[in-house]
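Just below is one structure, and these are the notes that go with it.
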Amino acid sequence: TKNEEGIWAVTTDPQVPGFHYYSLVVDGAVVADPSSQLFFGMGRMASGIEIPEEGVDYYLPKDVPHGEVRIQPYYSEITQSWREAYVYTPPGYDTNVNENYPVLLLMHGAGEDQTGWSRQGKANFILDNLIASGDAVPMIIVMDHGQAVNPNAPKPTPGERGARNLFAGFDTFGEVVVREIIPMVDENYRTIPDREHRAMAGLSMGGFQTFSTTLNHLDMFSYIGGFSGAGMVQQGTELAATYNGAFADVDALNNKVNVMYLSTGLKESPQMHATVNNFHKLLEEAGVDHVYYESPGTAHEWLTWRRSLKQFASMLFK
């Protein structure tokens with residue numbers, strides 16, 4: 001409504017707890033609220049508001065030792081472009097100079113970028129609090145940009161999945177992870193550079209990317225997590241025939257992977273919930289050891305993914 005002074009105001013219905021993107025539509029143009037903070041989400045800069053979750057503080061800053069989130073630029077020969085990773089270093093990283101740390105690669109979803117997990121997801125506060133309570137071991141978290149395009153790859157023909165398809169380019173992104181991101185992190189940070197101390201997880205698109213990357217490179221990863229994202233098996237294809245035969249020998253896979261984790265919100269869209277749940281059932285039927293979690297009352301949103309990170313991080317490197 002517009003008042004006598006020409007000022008517009010809006011009152012919404014009560015919103016459920018959690019982080020919400022919102023926008024203003026002015027004469028058909030979708031814009032961010034100039035009086036609020038901006039977040040990269042929905043594929044663009046948008047406004048955001050946090051509705052407090054009563055009695056819950058695991059993702060809020062507390063009076064505990066805090067780590068740092070650093071910005072790490074690096075040049076990618078594969079994409080022939082400068083890229084940027086956000087890197088969380090745990091409390092004491094700069095003073096405990098003789099200590100090396102395990103690494104979690106943590107990926108965002110299709111509408112976000114490398115800033116999402118620290119800004120909307122509160123990943124640094126989640127880890128600070130878990131480490132302070134003894135529920136997680138100190139670790140380095142690498143949050144990179146999930147889009148990677150090889151400029152030398154053949155151009156897609158009309159109708160094919162092209163660069164505008166956010167789920168295209170998984171193979172290129174996987175190559176960036178194993179050939180560039182991991183070596184860059186091992187060179188610039190005090191890591192424990194082996195598969196037993198390396199994990200990868202992601203939300204939505206990042207979860208699908210995680211399974212694609214880790215299952216094709218089990219020599220480099222021993223912890224796998226998908227939050228509202230999982231493995232992809234085409235209808236009519238046997239699980240054992242996917243991911244270069246990673247599931248062909250289930251006993252060997254169970255011995256290699258220390259934790260395989262899947263989660264979804266109970267209020268996700270039927271299609272998204274079914275995608276994750278069906279993969280869980282395939283794993284269960286095949287005898288693949290894994291943890292499956294359904295977040296009560298949450299949809300395809302940051303509360304689902306914060307809860308998932310809290311659980312997954314507490315299982316790592318123990």
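Quick caveat, the model's predicted, so the values are computed rather than measured.
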_With a 6.0 Å cut-off on the ring centroids, do Phe227 and Trp305 count as close?_
no
_Do Val288 and Met260 have side chains that approach each other closer than 4.5 Å (heavy atoms only, starting at C-beta)?_
yes
*asked:* Working to the nearest 0.5 angstrom, can you tell me the gap between Asp219 CG and Phe221 CZ?
replied: 9.0 Å
_Validation row, ring centre Trp302 to ring centre His20 under 6.0 Å_ = no
_Donor-acceptor pair, distance only, cut-off 3.5 Å: does the side chain of Tyr223 make one with the backbone of Phe317?_
yes
*Determine, stepwise, if the pair Asp113 / His145 fulfils side-chain hydrogen bond (donor to acceptor under 3.5 Å, both in side chains).*
CA-CA 5 Å; Asp113 63 10; His145 188 236; 5.7 Å; no
_Less than 4.5 Å apart, side chain to side chain, heavy atoms only: is that true for Glu268 and Thr275?_
no
*Are any of the side-chain heavy atoms of Tyr293 and Gln311 separated by less than 4.5 Å?*
yes
*Verify salt bridge (Lys or Arg N to Asp or Glu O under 4.0 Å) between Glu84 and Arg70, making sure each step is shown before the conclusion.*
CA-CA 10 Å; Glu84 181 182 85; Arg70 311 174 185 209; over 6 Å; no
*Shared hydrophobic cluster, Ile141 / Val178 (ILVMFWY, side-chain heavy atoms < 4.5 Å)*: no
_Test item: Arg198 side-chain N/O and Leu105 main-chain N/O as donor-acceptor pair under 3.5 Å_ = no
*Counting only N and O atoms by type, is there a donor-acceptor contact under 3.5 Å from the side chain of Trp82 to the main-chain atoms of Ser76?*
no
_Atom NZ of residue position Lys318 - does it have more than 12 heavy atoms of other residues, nucleotides or ligands inside 6.0 Å?_
yes
*Starting from the C-alpha separation in whole Å, work towards a yes-or-no answer on side-chain hydrogen bond (donor to acceptor under 3.5 Å, both in side chains) for Asp144 and Tyr74.*
CA-CA 11 Å; Asp144 209 285; Tyr74 65 97; 2.8 Å; yes
*Nearest-0.5 Å distance, CD of residue Gln114 to CD of residue Gln72*: 12.5 Å
*Is the backbone of Asn96 close enough, under 3.5 Å, to the side chain of Glu99 for a donor and an acceptor to pair up by distance?*
no
*Look up atom CE in Met315 and atom NZ in Lys310, then write down how far apart they are to the nearest 0.5 Å.*
11.5 Å
_Which residues pass the side chain to side chain donor-acceptor pair (under 3.5 Å) test with Tyr93, not counting sequence neighbours?_
none
*For the residue pair Gln120 and His108, confirm or rule out a side-chain donor-acceptor distance under 3.5 Å.*
no
*Determine whether Asn100 and Thr191 make a side-chain contact, defined as any pair of heavy atoms from C-beta on separated by less than 4.5 Å.*
no
*Does Val69 reach the side chain of Val87, with side-chain heavy atoms less than 4.5 Å apart?*
no
_Keeping Thr210 on the side-chain end and Gly206 on the backbone end, is there a donor-acceptor pair under 3.5 Å?_
yes
*Can you run down the side chain to side chain donor-acceptor pair (under 3.5 Å) pairs that involve residues 229-242, sequence neighbours left out, and say none if there aren't any?*
none
*Are any of the side-chain nitrogens in Glu53 or Arg307 under 4.0 Å away from the carboxylate oxygens of its partner?*
yes
*Less than 4.5 Å apart, any side-chain heavy atom of Val257 and any of Ser222?*
no
*Salt-bridge test for Glu77 and Arg83: reply yes if a basic N is under 4.0 Å from a carboxylate O, no otherwise.*
no
*Would you check if Lys122 and Trp117 make a side-chain contact, meaning some heavy-atom pair closer than 4.5 Å?*
no
*Got a donor-acceptor contact below 3.5 angstrom from the His280 side chain to the Asn278 backbone?*
no
*Return yes when atom CD of Gln271 has more than 12 non-hydrogen atoms of other residues, nucleotides or ligands closer than 6.0 Å, and no otherwise.*
no
*Between the side chain of Asp249 and the main-chain N/O of Ala252, is any donor-acceptor distance below 3.5 Å?*
yes
*asked:* What I'd like to find out is whether the side chain of Ile140 reaches to under 4.5 Å of the side chain of Pro90, using heavy atoms alone.
replied: yes
*May I ask you to check whether Phe279 and Phe211 place their ring centers less than 6.0 Å from one another?*
yes
_For Gln37, is the CD atom crowded, meaning more than 12 foreign heavy atoms sit under 6.0 Å from it?_
no
_Interatomic spacing from CG in Asn152 to CD1 in Ile78 - rounded to 0.5 Å_ = 11.0 Å
_Test your reading of the model: is there a side-chain donor-acceptor pair from Thr304 to the backbone of His300, 3.5 Å cut-off?_
no
_For Asp57, is there an ion pair with Lys62 - N to carboxylate O distance below 4.0 angstrom?_
yes
_is_close_aromatic(Tyr261, Phe312), centroid dist under 6.0 Å_ = yes
_Heavy-atom closest pair, residues Ser47 and Asp33_ = OG-N, 2.8 Å
*In Å, rounded to the nearest 0.5 Å, how long is the span from CG of Asp171 to CG of Asn216?*
7.5 Å
*Pairwise distance CG(Leu283) to CG(Leu262) - rounded to 0.5 angstrom*: 6.0 Å
Only pairs under 3.5 Å count here: list side-chain donor-acceptor contacts from residues 7-14, not counting sequence neighbours, and write none if there are none.
none

*For a side chain to side chain donor-acceptor pair (under 3.5 Å) with Ser308, tell me which candidate from Ser228, Ser295, Ser263 qualifies.*
Ser263
*Could you walk me through whether Glu284 and Tyr292 pass side-chain hydrogen bond (donor to acceptor under 3.5 Å, both in side chains), step by step?*
CA-CA 10 Å; Glu284 201 169 45; Tyr292 178 64; over 6 Å; no
*Looking only at atom types and distance, does a side-chain atom of Arg190 sit under 3.5 Å from a main-chain N or O of Val97, one as donor and one as acceptor?*
yes
*Identify whether the distance between the nearest side-chain nitrogen and carboxylate oxygen of Asp289 and Lys256 falls below 4.0 Å.*
no
*Begin with the C-alpha distance, continue with both residues' side-chain angles, and end with the deciding distance and a verdict on side-chain hydrogen bond (donor to acceptor under 3.5 Å, both in side chains) for Tyr88 and Asp128.*
CA-CA 10 Å; Tyr88 167 84; Asp128 289 342; 2.7 Å; yes
